[in-house]
Amino acid sequence: MIHGHWLKAYGINGSYEHAEVAPEDLEAFLRGCGADGFVGGNVTIPHKEAAFSLVEAADGEAAALGAVNTVWLDGGRLHGANTDGLGFLANLDDGAPGWDERKSVSVILGAGGAARAVARSLGRRGFGAVVVANRTAARAAAVAALAGEAGRAVGYDELWRWLPSADLVVNATSLGMTGKDRLDVHLGELPGHAVVNDLVYVPLETELLAQARANGNRAVDGLGMLLHQAVPGFERWFGVRPKVTPELRALVEADIAGQR
Ligand code: NAP
């Protein structure tokens with residue numbers, strides 16, 4: 001829907017298609033990309049790490065995260081990038097201008113693939129502490145390490161120590177998504193200036209965001225990250241840097257509302 005909208009908006013004669021590829025077929029699929037008429041694509045779960053190992057050149061984000069979400073052919077060579085961190089930051093820049101003026105403490109809930117990009121981005125933005133809380137301790141430690149010296153791995157039972165001084169809270173678990181369990185986190189102790197961001201975007205208004213708004217905190221949903229991470233791919237494949245507009249957002253929002 002996102003790329004289809006941009007193709008139409010910029011009058012480009014191209015297409016963006018969905019292909020379901022089994023893990024054992026990924027290498028052949030990616031190597032056959034040009035011959036199939038594709039100039040590139042997005043790669044999603046469970047292929048992001050395997051695709052990283054198959055690309056011939058990777059950008060710095062992909063190399064640091066060991067995962068790609070965007071691939072494209074350039075001179076017959078397959079290139080890969082990871083645009084999740086860029087999408088995450090652009091979404092906060094748009095949705096909560098000035099969000100990084102105070103950057104003592106950020107708290108990330110979850111330590112999966114999305115949390116990796118978030119931790120690295122917050123470390124690079126200069127947060128003093130990037131606290132990663134996760135059910136599985138080993139994954140929290142691995143993600144915290146991506147934030148450099150600022151990274152701290154904790155369990156959910158230690159959140160109470162960090163929330164009262166947090167400037168930013170990000171939900172990077174899959175909890176709170178339609179069809180999944182609730183995310184059981186209480187934001188009561190958060191300072192009033194803190195920004196709360198949920199990467200989950202189905203539903204758009206999660207319980208966590210509703211709680212943040214009721215608390216008087218600024219709340220940013222996850223849709224903008226999805227829209228912004230798509231920009232570099234479209235530019236690589238079709239040669240135009242597309243804009244994330246209110247019209248595009250409204251289109252995708254209506255689709256999400258239909259999925260509830
Ligand atoms: P993932 O790699 O599967 O990670 C899932 C995370 O959720 C892990 O930290 C996992 O903890 C935690 N979790 C799952 N069930 C749990 C439970 N019952 N109790 C406690 N923790 C639980 O997923 P992902 O790719 O990082 O995606 C995470 C979320 O971000 C998804 O909702 C996805 O849709 C969203 N996302 C949004 C965007 C966007 O553009 N807005 C981009 C990427 C992802 P363990 O490590 O302990 O298993």
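Remember, it's 1-based here, ligands and their atoms both numbered in the order they're listed. Residues: numbered from 1 along the sequence shown.
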Minimum side-chain heavy-atom gap Arg241-Val231 below 4.5 Å: yes
Gly110: numbered ligand 1 atoms lying under 4.0 Å from its heavy atoms: 9 (O)
Distance from atom 2 (O) of ligand 1 to nearest protein heavy atom, with residue and atom: Gly113 N, 3.0 Å
Exceeds 12 heavy-atom contacts within 6.0 angstrom, atom CD of Glu189: no
Per-atom contacts of ligand 1 with Met225, taking only distances under 4.0 Å to non-hydrogen atoms: 39 (C), 40 (O), 41 (N), 42 (C)
Atom 25 (O) of ligand 1 [closest protein heavy-atom partner, distance rounded to 0.1 Å]: Ile45 CD1, 3.5 Å
Ligand 1 versus Asn134: contacting region, heavy-atom distance under 4.0 Å: side chain
Protein contact of atom 26 (O) of ligand 1 - nearest heavy atom, named by residue and atom, plus distance: Ala114 N, 2.8 Å
Ring geometry between Phe234 and Tyr10 (parallel below 30°, tilted from 30 to 60°, perpendicular above 60°): tilted
Exercise check, heavy-atom protein proximity under 4.0 Å to atom 42 (C) of ligand 1: yes
Where ligand 1 meets Thr136 - atom numbers and elements under 4.0 angstrom, heavy-atom basis: 45 (P), 46 (O), 47 (O), 48 (O)
Any protein heavy atom nearer than 4.0 Å to atom 4 (O) of ligand 1: yes
Closest protein heavy atom to atom 6 (C) of ligand 1, given as residue, atom name and distance to 0.1 Å: Thr173 CA, 3.8 Å
Ligand 1 contact by Arg139, heavy-atom criterion under 4.0 angstrom: yes
Ligand 1-proximal atoms of Leu175, by part, heavy-atom distance under 4.0 Å: side chain
Residue Glu24 excluded, over 12 heavy atoms near CD under 6.0 Å: yes
Atom 28 (C) of ligand 1 [closest protein heavy-atom partner, distance rounded to 0.1 Å]: Ala172 O, 3.3 Å
Plane angle bin for Phe38 and Phe29 - parallel if under 30°, tilted between 30 and 60°, otherwise perpendicular: tilted
Is_contact(atom 46 (O) of ligand 1), protein non-hydrogen, under 4.0 Å: yes
Polar contact flag for Leu226 and ligand 1 (N/O pairs, less than 3.5 Å): yes
Exercise: identify the closest heavy-atom pair between Pro191 and Asn217: O-ND2, 2.8 Å
Glu247-Thr245 side chain donor-acceptor pair, cut-off 3.5 Å: no
Pair His228-Asp94, side-chain donor/acceptor within less than 3.5 Å: yes
Joint cluster assignment, Met225 & Leu209, ILVMFWY side-chain distance < 4.5 Å: no
Connected via hydrophobic side-chain network under 4.5 Å: Ile108 and Leu89: yes
Residue portion contacting ligand 1 (non-hydrogen atoms closer than 4.0 Å) for Asn91: neither
Shortest protein contact, atom 18 (N) of ligand 1 (heavy atom only): Arg135 NH1, 3.4 Å
Under-4.0 Å salt bridge between Arg125 and Asp93: yes
Backbone or side-chain N or O of Ala111 under 3.5 Å from ligand 1 N or O: yes
Residue pair Ala50 / Leu26: nearest heavy atoms and the distance that separates them: CB-CD2, 3.7 Å
Which of the ligand 1 atoms, numbered from 1, are nearer than 4.0 Å to a heavy atom of Val200: 32 (O)
Per-residue contact class, Met177 against ligand 1 - non-hydrogen pairs under 4.0 Å: side chain
Sub-4.0 Å heavy-atom approach of Gly87 to ligand 1: no
For atom 30 (O) of ligand 1, the protein heavy atom that lies nearest, with its residue and separation: Leu199 CB, 3.8 Å
CZ (Arg249) with more than 12 external heavy atoms under 6.0 Å: yes
Protein contact to atom 1 (P) of ligand 1 [nearest heavy atom, distance to 0.1 Å]: Gly112 CA, 4.0 Å
Tyr16 versus Asn42, side-chain donor and acceptor atoms under 3.5 Å: yes
